[in-house]
Protein chains: 2
Amino acid sequence: MKERTSVSNACLARLPRYLRLLKDRRESDIKTISSTDIARELKLKPIQVRKDLALVNEGSGKPGVGFEINDLIYNIENYLGVRTKKNVIIIGAGRLGQALMNYNGFENDIQIVMAFDKDKRKCNDKNIIYIDRLEEFVKKKRIKVAVLTIPGDDAQSICDRLVRLGVKAIWNFAPTNLKVPEGVVVKNEDLSASLTMLLNKLKYEEDK
Amino acid sequence: MKERTSVSNACLARLPRYLRLLKDRRESDIKTISSTDIARELKLKPIQVRKDLALVNEGSGKPGVGFEINDLIYNIENYLGVRTKKNVIIIGAGRLGQALMNYNGFENDIQIVMAFDKDKRKCNDKNIIYIDRLEEFVKKKRIKVAVLTIPGDDAQSICDRLVRLGVKAIWNFAPTNLKVPEGVVVKNEDLSASLTMLLNKLKYEEDK
DNA sequence: TAGATTGTTAATCGATTAACAATC
DNA sequence: TAGATTGTTAATCGATTAACAATC
């Protein structure tokens, strides 16, 4: 596989979008697709699509024709690493946590295996259990990935606990700047900031 | 206020983070803050913080001291436009939609005024109403902003309906490339892609 | 005054875009 | 062959970083 370093964050964000489009086309029994085609669909430039694909695609496209859809899917999935199962836990079984537990749009390498909550009334001893059992569970199942859907105040302390237990990747929905040691990756999903950005864009549109 | 055009998307994403930190400090009755300080806290470079602040800040910092926290908050809020109330509707009152309805982390300019669902059993005639009443409601309340928390298949047709009714900003949680006319802004919140990106980063960390 | 920090101007870096020969 | 599209090499663009004089 190609070197990971070569792929920018921006490109990394586009890959899942390509993947989705490609799978869509495969559904319709289409065999090939051109960068022009992809670009039109996703509002990108053909040259950018080609650049991106060149970074992750083992094979190559045919001039005048395009790319083999199946090859592309295989290579992108391979690159993204979505071909190996990952067990994920959720901390905080509030509405957001439950939404993610039941979300069926994730790539099929994602397996949400358990949710934890500090409110015993939310626990059902099946897929939502009491937060005190976190240590035991994470160790036994060797969990590496956790989702934080808890209030900001609790986020850092839970994060510390998770890191101590060997969790290496945290998807954080709490509006907090988590501090983690080297080697642990965090992705902040700042819903408030996201909506604010949208509204700011709108304001700009209106002012035009 | 400064020209909107000058601020990059990347900077725009940082502004809410500054805002949060600043408000935090204000809580503790701290009056000033330096770019060094902000940078350390948010893992940025001081020079970048200064550059960002220069873009939105009317006043200016004092060499050797830093910035007035109150001024900064005022100016950033002003710039982001979070000082004017916005009425927002949610389409799709599933778990995710309900999570957002009850989310209390939004800037206080955001008012979620109604949710709609096509499943009558989810409707309560209070804050969740039947989707058929969309037209009437959006027109009467002059809604400009909508959140889409519905399955991908329904997203485009609902989007079209919203656009026809004059909605100008769409926060889309459905994994779909929405097609909208010029002048309508869309922000895609692709949860699956987001998690995939995190896991890819993790893979890269492991390979190091 | 000495130390800290600002804002300006210039340099660097990385990503996007353009141009085009090669090829199906 | 003509038309479409690829991948390479170079140019452009924009954002981040560095250097530093000015100033509290």
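Within every chain, numbering begins at 1; the chains are lettered A, B, ... in the order of the sequence lines, protein sequences first and strands thereafter.
- Per the geometry, CG belonging to B:Leu12 stands 14 Å off C1' belonging to D:dA15, to the nearest Å.
- Taking atom CD of residue B:Gln48 and atom C1' of nucleotide C:dT6, one finds them 16 Å apart after rounding to whole Å.
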Please enumerate all protein N or O atoms sitting under 3.5 Å from an N or O of nucleotides 22-24 of chain C, with distances to 0.1 Å.
residue	atom	partner	partner atom	Å
C:dC24	O2	A:Pro63	O	3.3

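- Looking only at side-chain heavy atoms (C-beta outward), A:Asn78 and A:Glu58 stay at 4.5 Å or farther from each other.
- No side-chain heavy atom of B:Met114 sits under 4.5 Å from any side-chain heavy atom of B:Ile90.
- Judged by distance alone, the side chain of B:Asn188 and the main-chain N or O of B:Asp190 form no donor-acceptor pair under 3.5 Å.
- Summarising the geometry, atom CZ belonging to B:Arg133 is positioned 11.5 Å from atom CD1 belonging to B:Ile131; distances are rounded to the nearest 0.5 Å.
- We find that CG of B:Leu55 is positioned 11 Å from P of C:dT8, with the value rounded to whole Å.
- Per the geometry, CG belonging to A:Leu44 stands 16 Å off P belonging to C:dA15, to the nearest Å.
- Between the CG atom of B:Asp52 and the C1' atom of D:dA15 there is a distance of 10 Å, given to the nearest Å.
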Please produce a list of atom pairs where a protein N or O lies less than 3.5 Å from an N or O of nucleotides 9-13 of chain C.
residue	atom	partner	partner atom	Å
C:dT9	O4	B:Lys51	NZ	2.8

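- In this structure, A:Glu68 places its CD atom 15 Å from C1' of D:dT5, rounding to the nearest Å.
- Residue A:Asn172 comes nearest to A:Thr176 through the heavy atom pair ND2-O, 3.3 Å, listed as atom of the first residue, atom of the second, then distance.
- Interatomic distance, B:Thr36 OG1 to B:Ile47 CD1, rounded to the nearest 0.5 Å: 10.5 Å.
- Atom CG in A:Asn9 sits roughly 16 Å away from atom C1' in C:dT16 (whole-Å rounding).
- Summarising the geometry, the separation between CD on B:Glu58 and C1' on C:dG7 is reported as 16 Å, rounded to the nearest angstrom.
- Using modelled atom types, no side-chain atom of B:Glu189 and backbone atom of B:Trp171 make a donor-acceptor pair closer than 3.5 Å.
- Here the side chains of A:Phe137 and A:Ile89 are in contact, with some heavy-atom distance below 4.5 Å.
- Salt bridge absent: B:Glu68 and B:Lys62 never bring a charged side-chain N and a carboxylate O closer than 4.0 Å.
- Of the residues in residues 26-43 of chain A, none has a non-hydrogen atom less than 4.0 angstrom from any atom of DNA chain C.
- Consecutive Watson-Crick or G-U pairs involving DNA chain C, each under 3.5 Å on both distances, make up stems of three or more pairs at C:3-24 with D:3-24.
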Under 3.5 Å, which donor-acceptor pairs link side chains of residues 98-109 of chain B to any protein atom two or more places apart or in another chain?
residue	atom	partner	partner atom	Å
B:Gln98	NE2	B:Ala93	O	3.0
B:Asn102	ND2	B:Gln98	O	2.7
B:Glu107	OE1	B:Lys23	NZ	3.4
B:Asp109	OD2	B:Lys86	NZ	3.1

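- With sequence neighbours left out, B:Lys45 forms a salt bridge (charged side-chain N to carboxylate O under 4.0 Å, His left out) with no residue at all.
- Contact check for A:Asp154 versus A:Ile91: no side-chain heavy atoms found under the 4.5 Å cut-off.
- Remark: side-chain polar atoms of B:Lys203 are paired, donor with acceptor, to backbone N or O of A:Tyr79 under 3.5 angstrom.
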